[in-house]
There are 2 protein chains.
Amino acid sequence: MELRQNIKIAVDAIVFGYKENSLNVLLIKQKFGVLKDQWALVGGFVKDGETLSTAVNRELAEEAGIKVSYLEQLYTFGDDVNRDPRFQVISVAYFALVNSTKLVVKADTDAEDAQWFPMHNLPQLAFDHSVILEAAKQRLKNKLSYQPIGFDLLPKEFLFSELENLYCTILEKEIDRRNFRKKILSFGIVEETEKFGSKKNGRPAKLFKFNKLKYNKLTKEGFLFDIYFA
Amino acid sequence: MELRQNIKIAVDAIVFGYKENSLNVLLIKQKFGVLKDQWALVGGFVKDGETLSTAVNRELAEEAGIKVSYLEQLYTFGDDVNRDPRFQVISVAYFALVNSTKLVVKADTDAEDAQWFPMHNLPQLAFDHSVILEAAKQRLKNKLSYQPIGFDLLPKEFLFSELENLYCTILEKEIDRRNFRKKILSFGIVEETEKFGSKKNGRPAKLFKFNKLKYNKLTKEGFLFDIYFA
DNA sequence: CTTATAAGCGTATCTTTTACGCAAAGCTAA
DNA sequence: TTAGCTTTGCGTAAAAGATACGCTTATAAG
């Protein structure tokens with residue numbers, strides 16, 4: 001069977017980080033090509049013989065030198081034939097989370113610059129990347145309520161107030177501190193440590209950690225993580 | 001910029017129908033090619049200059065001659081480089097629902113045969129299509145609980161018992177008839193008609209219909225469809 | 001020592017879910 | 001005609017869960 005097809009296939013990654021009450025996205029500025037001097041999502045073309053997952057991970061390494069803590073396919077963008085001015089490109093977008101509190105991104109081989117931008121202060125983006133980003137933001141908002149992915153944005157050990165602020169920030173909602181704590185603790189998947197975190201004022205707070213193993217076990221038994229707040 | 005890429009891109013559609021307490025999938029058997037005499041999902045390669053949506057709709061028309069009542073992108077399968085023995089193919093899978101109660105599929109131009117198969121009695125499928133189908137089944141199960149897509153599988157006017165059976169069948173759960181009715185009605189998006197449906201025995205039941213406009217309006221106001229049953 | 005600030009615990013109230021009971025309306029068969 | 005079966009449709013009590021707060025505790029700053 002002969003098949004001529006001139007459509008190109010690319011992968012893009014929306015990498016979210018969270019630091020000091022701000023949700024951030026990782027963007028890059030490329031050295032070469034049409035993207036030169038434009039901020040864009042991490043991404044690039046899939047190589048022959050490469051899987052989609054391999055391609056995203058490669059791009060994440062090449063362009064930003066990071067390892068993400070969560071990665072899932074988001075959506076495949078291919079309903080605008082001219083989303084790329086060069087040729088017809090279909091892009092499989094991936095949704096990624098990293099614990100960016102201690103993370104420093106380094107512009108690697110391909111990228112001139114890699115930088116975190118707060119979601120409420122984004123630069124102009126290349127192509128249809130702002131559309132993709134918007135879809136990712138929505139996914140993050142939704143998923144936060146029914147999957148414990150918030151922990152992937154925090155360090156291994158965190159304060160309850162940090163977790164709470166993360167939810168408030170991303171969901172753009174006020175949440176009652178006490179009820180939030182009660183609900184999260186009721187699941188039995190977040191555990192107290194012996195350590196204390198440091199804050200300027202107020203009563204010192206214990207550090208907590210997410211027990212992923214227990215979460216996985218409970219999930220198999222039918223447990224559903226669910227923290228919807230009106 | 002020169003770019004050599006020999007990856008092909010295809011679309012596949014998982015079309016679900018519901019009839020007489022059975023969830024069914026639409027499968028086709030092709031006239032030509034490697035797929036000859038094998039049951040497979042509706043699908044094919046994307047043409048140059050064509051969008052993904054256009055491609056699926058074209059395939060749905062060409063291979064089965066149907067118009068679906070619901071269509072959304074499911075997932076893009078490209079993590080197995082050898083999912084197609086001929087060459088590397090990335091497939092964007094779509095999830096579709098049709099009201100199949102009165103629908104007769106006709107094998108159109110490309111397909112030798114198009115047929116509904118009950119989910120609990122499937123033939124061997126080509127390629128990795130059983131994996132794709134499994135993902136679609138999962139999507140259907142999940143989505144049923146937080147989006148009113150069940151109505152897309154039923155005729156415009158339906159009995160409450162039909163809706164209830166649809167939920168029981170797909171979710172593979174027992175649901176209390178009375179509580180189910182109460183909950184659905186409490187949303188105010190399903191309305192009573194003057195007509196009655198016919199059943200062999202028992203008290204005659206009113207026909208109901210889904211008010212999509214009202215649902216859309218409520219959704220904008222923050223309403224969340226949600227019918228989880230333990 | 002006082003004040004400010006955040007952490008942590010508890011509880012009354014309101015809402016929702018769950019588990020059923022039971023009458024109504026039709027069909028069938030004696 | 002009527003007894004029996006079946007499905008529909010409505011209601012309600014009890015259990016569970018969500019919500020709105022009050023109050024104490026532990027630390028730092030002044």
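Quick note on labels: first sequence line is chain A, next is B, and so on, each numbered from 1.
- No hydrogens or angles were tested; on distance alone, nothing pairs the side chain of B/Arg203 with the base of D/dT7 as donor and acceptor under 3.5 Å.
- For A/Gly202 and A/Arg177, each mapped to the nucleotide of DNA chain D holding its nearest heavy atom, the one lying further toward the 5' end belongs to A/Arg177.
- Atom CZ of B/Phe160 is separated from atom C1' of D/dC10 by 13 Å (rounded to the nearest Å).
- Distances from the side chain of A/Arg178 to the nucleotides D/dG9, D/dC23, C/dA25 place D/dC23 closest.
- Among residue pairs with one or both ends in residues 208-230 of chain B, those qualifying as side-chain hydrogen bond (donor to acceptor under 3.5 Å, both in side chains) are B/Glu191-B/Asn211; sequence neighbours excluded.
- Nearest-nucleotide positions on DNA chain D for A/Lys200 and B/Lys206 put B/Lys206 closer to the 5' end.
- The aromatic rings of A/Phe225 and A/Phe187 lie tilted to each other, with the angle between the two planes from 30° to 60°.
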Side chain to side chain donor-acceptor pair (under 3.5 Å) assessment of B/Asn99 paired with B/Ser69: CA-CA 7 Å; B/Asn99 164 2; B/Ser69 55; over 6 Å; no
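- Residues from residues 180-190 of chain B placing a heavy atom under 4.0 Å of any atom in DNA chain D, listed by number, are B/Arg181, B/Lys182.
- The side chain of A/Asn201 sits closest to C/dT5 out of C/dT5, C/dA7, D/dG22.
- A/Phe158 and A/Phe151 have tilted rings, their planes meeting at an angle from 30° to 60° on a 0 to 90° scale.
- Between A/Glu194 and A/Lys206 there is no salt bridge, since none of the side-chain N atoms of the basic residue sits less than 4.0 Å from a carboxylate O of the acidic one.
- With respect to the salt-bridge test (charged N to carboxylate O, under 4.0 angstrom), the residues B/Glu157 and B/Lys195 qualify.
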